[in-house]
Amino acid sequence: MRAVFVNCTLKASPEASNTAELAEVVASSLRDQGVEITGFRLADLRLDHGVETRMSSEDEWPRVHDAIVDAQILVVATPTWVGRPSSYAQQLLERLDAMIAETGADGEPIAYGKVAGVVVTGNEDGAHHVISEISGALVDIGFTIPGQSWTYWNRGPGPGPEYHETGEGHEWSAQTGRTMATHLAHVAHALGAD
């Protein structure tokens with residue numbers, strides 16, 4: 001079984017990403033369950049804007065797309081900015097929109113039978129809104145969203161330390177992330193059963 005993690009942080013590598021740190025909790029738990037992980041940080045890629053799978057010869061989206069098509073699990077990881085998903089998360093959803101029209105050998109959209117979850121970080125409120133916004137879009141595209149297939153960490157309203165600057169709330173976020181990983185793997189196995 002394969003999972004693709006798409007980190008929608010605004011920070012390009014090698015800058016530390018709070019979102020990547022929490023997403024790694026989920027990825028590690030999936031690895032423990034025998035799932036192979038592939039990750040992308042969208043800030044490191046040259047991505048065209050639009051709703052097509054292939055926009056130009058320089059566009060690096062097709063390799064992200066192909067990895068998602070080959071996987072059974074998708075995890076979207078995003079920071080919260082002004083109470084909303086990052087601009088890269090919005091671009092990800094726009095590019096995934098093309099999958100609605102792409103069909104497999106059975107004639108169904110290629111996202112059908114795949115599961116997805118969401119990881120959110122930020123030092124402000126809005127995590128549940130971000131989870132709902134991304135999950136709703138993924139359902140429209142055809143992904144199955146298992147119950148409690150998310151985890152988040154935030155400091156509540158106002159400024160404060162980032163995820164990597166404090167241990168506050170980490171155990172709850174990690175436990176929720178491990179539960180998320182279990183739900184994603186179990187539902188992906190169930191959808192793959194003949």
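Computed from a prediction, not measured in an experiment: that's the story for all the values here.
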If you measure from [atom1] on [X] to [atom2] on [Y], what distance do you get to the nearest 0.5 Å?
X: L138; Y: T144; atom1: CG; atom2: OG1; value: 10.5 Å
X: Q91; Y: L42; atom1: CD; atom2: CG; value: 7.0 Å
X: I37; Y: R31; atom1: CD1; atom2: CZ; value: 5.5 Å
X: H65; Y: E60; atom1: NE2; atom2: CD; value: 15.5 Å
X: H170; Y: L22; atom1: NE2; atom2: CG; value: 8.0 Å
X: L96; Y: I141; atom1: CG; atom2: CD1; value: 4.5 Å

I want to check something: taking the side chain as every heavy atom from C-beta on, are [X] and [Y] in contact at a cut-off of under 4.5 Å?
X: W153; Y: V120; result: no
X: M1; Y: E36; result: no
X: L30; Y: F5; result: yes
X: K11; Y: N18; result: yes
X: V75; Y: M180; result: yes

Any salt bridge between R95 and D59, counting N to O under 4.0 Å?
->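 So R95 pairs with D59 through a salt bridge.
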
Does a salt bridge link E24 with R178, judged by any charged N lying under 4.0 Å from a carboxylate O?
->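 Salt bridge: no.
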
Test log, rule side-chain contact (heavy atoms from CB on, under 4.5 Å), inputs Y88 and Q90 | CA-CA 5 Å; Y88 281 115; Q90 180 61 36; over 6 Å; no

Which atom names give the shortest non-hydrogen contact between [X] and [Y], and what distance separates them?
X: M55; Y: V51; value: SD-N, 4.3 Å
X: F143; Y: I68; value: CZ-CG2, 4.1 Å
X: V4; Y: A67; value: CG2-O, 3.4 Å
X: T38; Y: F40; value: CG2-CE1, 3.8 Å
X: V76; Y: C8; value: CG1-SG, 4.2 Å
X: S17; Y: R41; value: CB-NH2, 3.4 Å

Check the pair H186, Q33 against side-chain hydrogen bond (donor to acceptor under 3.5 Å, both in side chains), reporting the backbone distance first and the verdict last.
-> CA-CA 10 Å; H186 285 181; Q33 298 174 62; 4.7 Å; no

Determine the interplanar angle of the Y152 and H128 rings, folded into 0 to 90°, and report it as parallel if under 30°, tilted if 30 to 60°, perpendicular if over 60°.
->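 It falls in the perpendicular class, over 60°.
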
Walk me through it: do T19 and T121 pass the test side-chain hydrogen bond (donor to acceptor under 3.5 Å, both in side chains)?
-> CA-CA 6 Å; T19 304; T121 58; 2.7 Å; yes

Honestly curious: do V69 and L47 fall in one hydrophobic cluster under the side-chain, below-4.5 Å linking rule?
->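 Per the 4.5 Å side-chain linkage, V69 and L47 are co-clustered.
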
Is V139 reachable from L93 through a run of hydrophobic residues whose side-chain heavy atoms are each under 4.5 Å from the next?
->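 In one cluster with L93: V139, yes.
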
Tell me whether [X] contacts the main-chain N or O of [Y] through its side chain, where contact means a donor paired with an acceptor under 3.5 Å.
X: S149; Y: P146; answer: yes
X: T78; Y: S86; answer: yes
X: K114; Y: L74; answer: no

Between the side chains of T53 and E102, is a donor N or O closer than 3.5 angstrom to an acceptor N or O?
->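 Note: T53 and E102 side chains meet the donor-acceptor criterion.
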
Check against side-chain hydrogen bond (donor to acceptor under 3.5 Å, both in side chains), T103 and E108 | CA-CA 5 Å; T103 57; E108 291 188 341; over 6 Å; no

Could you go step by step and tell me if V115 and I145 meet the side-chain contact (heavy atoms from CB on, under 4.5 Å) rule?
-> CA-CA 6 Å; V115 301; I145 308 296; over 6 Å; no

Please test I73 against R2 for side-chain contact (heavy atoms from CB on, under 4.5 Å), starting from the C-alpha separation and ending with a verdict.
-> CA-CA 6 Å; I73 299 169; R2 292 175 301 281; over 6 Å; no

